[in-house]
Amino acid sequence: MPQKGSNDPKNLLEGSNDMDAKLKEQIDERAHVLSAIKNDLITRLNLPYTPEDLHEDVSLLGSGLGLDSLDALEVILGIEHAFGVKVSEDNISILRSINSIADYVLAVRRGQEVPS
Amino acid sequence: MRKSVLHDLLAGRGARFAQRAGAQVADGFTSFEREYGAVRSGVGITDFSFTQRFRIPEEGLDVLERYAAGSVANIRFGRVLHTFAADEEGMLESDLYIANDDENFYLIGESLVDDDKTRSVLDECGAQEHGVEDLSQSTALIGLDGYEAWHVAKELFGADVLGLPYLSIETYDLDGIEIKLIRAGKTSEFGYLLMVPAQSAQTVWERLVGAEKEVAPVGLAAHMGLRLDGRFFNIHAEGAAVRDPLSLGLQWMIDLDADDYRGKEAIEARRAAGLKRKIIGVVPEAGTELRQRAAITHQGEKVAEVITWTPSPTLGHPIGLALFDVPFAYSGLAFELEGAGRVKTVSLPPFTARSLTVKLDEM
């Protein structure tokens with residue numbers, strides 16, 4: 001099993017002197033959102049993985065994790081609960097991957113146009 | 001070199017050929033753009049007979065469990081598992097579909113190693129004792145991919161084909177020809193694989209291209225682009241270059257509770273040590289050209305390397321994959337590209353395929 005926290009982005013970044021502050025801030029914000037999404041997916045769907053096992057681009061529907069429509073509803077509930085954002089059940093495009101969910105959450109938070 | 005039984009027919013249709021792992025491949029027919037476009041908006045037909053194909057009697061389940069990383073024992077009847085086979089060092093060797101067709105399993109592999117090597121590895125896993133049969137010469141594998149591929153499947157096999165879930169297998173009869181139809185594909189559009197007896201391959205190919213919908217011949221080169229911008233794993237591109245399934249994000253293909261499979265010890269050791277690098281999508285900023293193996297830098301230090309890229313007619317610009325040091329492996333960031341220009345990391349898949357918006361069960 002992976003050592004807990006061995007690749008926690010925070011641990012890695014704290015030891016990195018050659019990353020500029022703006023980039024570090026961007027990474028911290030995204031890492032926080034990704035971590036919350038992964039933990040919620042693992043818990044809600046009882047997935048046999050650690051957060052590090054889940055690549056952020058793994059497909060959620062069809063190939064990859066192979067979630068069905070009921071799972072998709074669970075995921076949407078999780079996003080709404082964790083981040084306080086509203087997700088239309090018709091908006092399957094944000095469920096393409098963990099990264100596409102993170103893009104949506106970050107865009108809503110920043111008041112930007114949400115990705116489709 | 002193993003040639004497809006469809007070789008002469010495809011040569012007559014203007015196919016350009018290449019070679020992969022000791023097998024001849026129809027790489028293209030017209031242009032990348034035309035063939036790519038046929039799949040994204042219509043139907044493309046591809047000869048996947050370069051794949052390695054085996055029939056494993058159900059009592060030979062142990063062979064598959066020793067060979068493949070995925071949860072073979074849990075494949076339900078009529079369903080297909082997408083997984084991989086690794087070498088003893090836990091590095092990718094073959095990208096696999098394993099179908100459970102009741103009395104038999106069917107193994108379809110896109111491999112980095114030739115037929116002899118794969119047969120030798122399967123023998124080490126007990127293939128000979130369990131009557132595993134090599135179908136690579138006695139069958140052909142024809143792929144039908146595209147936004148409208150389901151129209152053609154319905155025309156030939158009837159409306160019930162629309163009820164086949166993704167990653168499933170069913171047997172159909174087409175004018176007396178037994179066809180193993182697998183609903184699968186790596187383009188993000190609708191996809192079907194037809195495993196047919198070699199002697200009937202030309203007949204089936206002609207029936208497919210004679211369908212009411214226009215069906216365009218598509219080579220593997222176009223599939224390389226379709227896989228990348230559809231974000232399907234491609235063993236011939238990033239798989240061959242990186243080979244570590246963990247860095248490639250293929251953990252979902254692994255049965256973490258498996259007793260044993262080839263390469264398990266090495267994969268588990270790397271998993272325990274933690275990821276050092278991982279694959280991330282990149283797009284070039286205007287005026288920048290992606291180049292394979294080009295270094296991606298931050299403040300003058302190399303943080304990644306471009307592994308593969310493709311033009312993407314859907315996106316209107318190229319897209320690539322780069323292997324990043326984990327601390328920098330996030331989308332939404334900008335970096336310098338060695339030499340000149342900048343790239344941005346992006347989330348994948350970069351768009352929602354039109355096929356995902358079609359509900360076949362409502363047709």
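Order of the sequence lines fixes the chain letters, A, B, ..., with proteins taken first and strands second; residue numbering starts at 1 for each chain. None of the values given here were measured: they were computed from a predicted structure.
- A donor-acceptor contact shorter than 3.5 Å is absent between the side chain of A:His55 and the backbone of B:Ile280.
- Within 6.0 Å of CD on B:Glu285 lie more than 12 heavy atoms contributed by other residues, nucleotides or ligands.
- In terms of heavy-atom pairs under 4.5 angstrom with chain B, the leader among A:Ile98, A:Leu34, A:Leu23 is A:Leu23.
- With a 4.5 Å cut-off on non-hydrogen atoms, B:Phe233 does not touch chain A at all.
- Side-chain contact between A:Leu54 and B:Trp252 is absent, with no heavy-atom pair separated by less than 4.5 Å.
- Within the 4.5 angstrom heavy-atom criterion, atoms from both the backbone and the side chain of B:Ile279 approach chain A.
- Between B:Ser347 and A:Arg30, the shortest heavy-atom distance links the atoms OG-NH2, 3.3 Å.
- Within a 6.0 Å sphere centred on NE2 of A:His81, heavy atoms belonging to other residues, nucleotides or ligands number 12 at most.
- Only the side chain of B:Leu256 has a heavy atom closer than 4.5 Å to any heavy atom of chain A.
- Residues A:Val58 and B:Gln251 are not in side-chain contact: their nearest non-hydrogen atoms beyond the backbone lie 4.5 Å or more apart.
- Pairing each heavy atom of A:Arg96 with each of B:Phe351, the nearest pair is CD-O, 3.4 Å.
- Nearest heavy atom pair, residue A:Asn99 against residue B:Ser331, reads OD1-OG, 3.6 Å.
- Shortest non-hydrogen contact noted between B:Tyr330 and A:Ala31 is OH-CB, 3.8 Å.
- Remark: B:Arg270 CZ is packed, more than 12 non-hydrogen atoms of other residues, nucleotides or ligands lying under 6.0 Å away.
- Summarising the geometry of A:Ser63 relative to B:Tyr166, their closest heavy-atom pair is N-CE2, 3.5 Å, with the distance given to 0.1 Å.
- Listed for the A:Asp57 side chain is a donor-acceptor partner under 3.5 Å among the backbone atoms of B:Leu348.
- B:Arg231 and A:Ser59 share no side-chain donor-acceptor pair at under 3.5 Å.
- Taking 4.0 Å as the cut-off between side-chain N and carboxylate O, B:Arg271 and A:Glu52 do not count as a salt-bridged pair.
- Between B:Leu333 and A:Gln26 the shortest heavy-atom distance is CD2-CB, 3.7 Å.
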